[in-house]
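Notes follow the structure.
For clarity, every value in this text was computed on a predicted model and none was experimentally measured. Every chain is numbered from 1 and lettered A, B, ... according to where its sequence line falls, protein lines coming before strand lines.
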Number of protein chains: 2
Amino acid sequence: MPKRLTIKDIARLSGTGKSTVSRVLNQQGDVHPETRKRIEAVIEQYQFIPSRPARSMRVKESRVIGIIVARLDSAAENQAVSAMLPLLYQHGYDVLILESRFSTDKVVEHLKVLTQREVDGAILFSFTELTAAMIAGWESHIVLMVHPCEGFSSVCYDDAGAVQMLADHLFQQGHRRISYLGVNESDKTTGEDRYRAYLAACERLSLPPLASLGTLEYHSGYTLAGEVCRDGTSAVICATDSLALGIYKYLGEHPEHKITVAAIGNTPLLGFLFPAVITLEFGYANAGELAARQLLAHLTHTAPARTYLLTGQLNTDIAG
Amino acid sequence: MPKRLTIKDIARLSGTGKSTVSRVLNQQGDVHPETRKRIEAVIEQYQFIPSRPARSMRVKESRVIGIIVARLDSAAENQAVSAMLPLLYQHGYDVLILESRFSTDKVVEHLKVLTQREVDGAILFSFTELTAAMIAGWESHIVLMVHPCEGFSSVCYDDAGAVQMLADHLFQQGHRRISYLGVNESDKTTGEDRYRAYLAACERLSLPPLASLGTLEYHSGYTLAGEVCRDGTSAVICATDSLALGIYKYLGEHPEHKITVAAIGNTPLLGFLFPAVITLEFGYANAGELAARQLLAHLTHTAPARTYLLTGQLNTDIAG
DNA sequence: CTGTTAGCGCCTTCAA
DNA sequence: TTGAAGGCGCTAACAG
């Protein structure tokens with residue numbers, strides 16, 4: 001056990017005082033270039049790393065940020081988190097990951113824990129039921145994902161634009177019976193917003209709407225598939241890639257239907273199993289990076305709250 | 001800003017000294033029941049939480065543990081991690097999650113970071129290339145997942161037993177041509193161990209082996225499917241659930257084959273899309289919990305290194 | 001430009 | 001059983 005060195009040690013080793021060492025460590029104040037070199041050499045030689053707890057205690061900032069995901073096993077959230085981590089670590093922050101499972105209770109509980117842990121900031125994957133009141137007090141050091149909220153920074157997806165893009169694309173391909181398989185409107189973005197956009201698209205393109213709304217799971221897609229694959233439907237837009245998987249299962253059992261499937265999402269599996277699918281994906285990684293940067297901005301110079309709206313990208317690899 | 005209280009404050013508030021408060025906080029030493037009650041009341045009333053940095057500094061233990069996963073988006077790893085988190089948090093540990101992407105370089109780098117952060121322990125999702133040398137020094141406070149290592153605690157899966165179980169099951173169902181779709185032997189557990197077990201099973205059951213080895217991705221399963229779906233093969237064992245997805249894609253395009261698919265893994269998607277699949281799953285959540293408990297054991301009372309070998313469970317919902 | 005000093009909040013002797 | 005005192009490693013005045 002080499003017993004970690006302290007700044008006092010390296011002060012002695014480089015023949016200076018603690019404060020000078022501290023100054024070069026935090027690159028603040030003026031230090032004579034030569035003394036600096038000398039100190040840096042010693043630091044390098046002994047691989048000295050200042051103690052975080054000691055620094056935290058003194059400075060009253062933990063250098064920790066919390067991330068509350070809805071589900072640890074969500075592909076989209078995972079991609080976003082993967083993009084955040086390197087950035088945050090790189091800026092010297094530790095990251096605590098918590099899971100809400102879409103429970104507002106869990107969120108407020110986690111937020112309380114994060115407060116107790118004195119974290120410097122947080123990134124929260126939000127959802128419909130979450131109200132501004134639940135995150136009150138965090139405005140200056142939190143960024144929301146997916147769901148915006150007045151007065152808070154957030155990075156969200158352009159749900160309406162996505163459905164619109166999908167509908168237009170299918171229309172251009174000649175489809176005149178485009179139905180929609182979605183999610184219950186109680187979910188604001190994935191449910192209501194996307195459904196509304198579908199209805200609007202039908203209106204705009206003068207198409208007869210045919211839709212069915214269920215839950216997020218692929219089971220729901222399978223169950224509801226029959227309701228949208230009829231009346232001469234030639235294409236269906238799915239609010240979610242898992243829903244599309246459900247439909248494909250249905251189509252596999254009902255080969256008489258010749259239907260084009262389009263979906264929002266980016267499970268690579270979907271495109272692999274069913275190459276004909278048309279997919280629109282938001283850049284989740286990109287979103288994560290944006291969120292992390294915005295949070296960092298909040299933490300360094302008090303930046304104003306800002307909302308990013310990410311637009312999707314069409315993905316029609318195989319289908320002509 | 002209510003400005004956090006310190007133990008000094010609550011000492012004053014409860015009319016005692018700092019040390020007494022500290023004693024009840026750490027439930028150590030003898031404290032008069034009455035004084036204790038009084039202090040606890042104040043603590044409760046003000047929702048007092050002692051400062052972690054201050055405690056860490058004094059006690060020289062960070063109460064942080066690191067988890068290095070191979071891939072953030074691995075379903076199996078996610079399940080395991082989900083099980084660890086609550087346990088660890090519950091015991092007062094913060095958790096840092098890092099991603100290795102199967103790179104030994106990343107692992108040693110992360111391990112170094114964890115050392116610098118003075119974490120108390122770590123859980124590492126290991127893989128073939130990882131050698132004992134790379135994790136030297138961690139023996140007393142690390143637990144490995146998936147791959148065992150001499151002198152270190154680990155929780156692993158009984159790969160050989162799993163393949164054996166699958167083979168026996170298929171044999172009992174009357175299959176006499178059972179082929180194998182696996183992973184390159186350069187991967188010790190998923191590759192070599194499972195393949196060897198398949199060969200052994202063939203030997204034992206006097207069946208002619210027919211196997212093909214590729215990579216972990218489902219693309220590989222699709223590509224190699226043709227090589228194992230012939231010579232009268234009636235069933236194929238897949239080393240991995242993703243491989244099974246590849247086979248199913250192939251089978252979908254070659255309906256002339258009537259083949260039973262069995263696989264190790266538990267992607268719920270697989271069973272949903274192809275209910276006839278026979279699946280053997282290790283309890284990943286269970287594994288995670290075990291690992292967390294073992295690490296906690298190491299951290300509290302220096303427990304001896306120990307290896308857990310988890311056996312799988314057959315899953316044949318639909319298939320008769 | 002640099003060293004000295006004084007705590008940050010907590011735990012741990014050491015007396016009382 | 002309890003309080004006072006000391007110091008963990010670091011930063012931020014404050015003198016030089």
### Summary
Whichever of Gly17(B) and Lys60(B) has the more 5' nearest nucleotide on DNA chain D, that residue is Gly17(B)
### Task
Please report, rounded to the nearest Å, how far the C1' atom of dT12(C) is from the CG atom of Leu25(B).
14 Å
### Message
Please report the distance, rounded to the nearest Å, between CG in Leu5(A) and C1' in dC10(D).
### Response
15 Å
### Query
Under 3.5 Å, is there an N or O donor on one side and an acceptor on the other linking the side chain of Arg23(B) and the base of dG3(D)?
yes
### Query
Which nucleotide sits closest to the side chain of Ala54(A): dC8(C), dC10(C), dG9(D)?
dG9(D)
### Query
So what does Ser56(B) touch, heavy atoms closer than 4.0 Å: a base, only the sugar-phosphate, or nothing?
nothing
### Task
Please report, rounded to the nearest Å, how far the P atom of dG3(C) is from the CZ atom of Arg36(A).
14 Å
### Gln313(B), CD atom: more than 12 neighbouring heavy atoms under 6.0 Å
no
### Summary
Here the distance between atom P of dT4(C) and atom NZ of Lys8(A), to the nearest Å, is 12 Å
### Query
Mapping Ser19(A) and Pro33(A) to their closest nucleotides on DNA chain C, which lands nearer the 5' end?
Pro33(A)
## Note on the structure
His32(B) atom NE2 is separated from dG3(D) atom P, nearest whole Å, by 12 Å
### Message
For the residue pair His147(A) / Thr189(A), report whether a side-chain donor-acceptor contact shorter than 3.5 Å exists.
### Response
yes
### Task
Round to the nearest Å and state the distance from Lys37(A) atom NZ to dC1(C) atom C1'.
16 Å
### Query
Which whole-number value in Å describes the distance from Ile7(B) CD1 to dA5(D) C1'?
13 Å
### Task
On DNA chain D, check which nucleotide each of Gly15(B) and Arg58(B) is closest to and give me the residue with the more 5' one.
Gly15(B)
### Task
Write down the distance between CE (Met57(A)) and C1' (dG7(C)), rounded to a whole number of angstrom.
8 Å
### Query
In terms of side-chain geometry, is the basic nitrogen of Glu40(A) or Lys37(A) positioned less than 4.0 Å from the acidic oxygen of its partner?
yes
### Message
Would you say Lys18(A) places a side-chain N or O within less than 4.0 Å of OP1 or OP2 belonging to dT5(C)?
### Response
no
### Query
So, is Ser22(B) near the phosphate of dC11(C), with a side-chain N or O under 4.0 Å from OP1 or OP2?
yes
### Query
So, is Arg55(B) near the phosphate of dG9(C), with a side-chain N or O under 4.0 Å from OP1 or OP2?
no
### Message
Please check: side-chain N/O of Arg4(A) versus main-chain N/O of Ile49(A), any donor-acceptor pairing under 3.5 Å?
### Response
yes
### Query
Any idea which of dT2(D), dC11(C), dT11(D) is nearest the Val59(B) side chain?
dC11(C)
### Message
Is the phosphate of dC8(D) approached by Thr6(A) (side-chain N or O, under 4.0 Å from OP1 or OP2)?
### Response
no
### Query
Would you say Thr20(A) reaches dG3(C)'s phosphate, i.e. side-chain N/O to OP1/OP2 under 4.0 Å?
yes
### Query
Charged N to carboxylate O below 4.0 Å: is that the case for Glu34(B) and Arg38(B)?
no
### Task
Return yes if a side-chain donor-acceptor contact under 3.5 Å exists between Glu129(B) and Thr104(B), otherwise no.
no
### Message
Using a heavy-atom cut-off of 4.0 Å across all strands, would you classify Gln28(B) as base, sugar-phosphate, or nothing?
### Response
sugar-phosphate
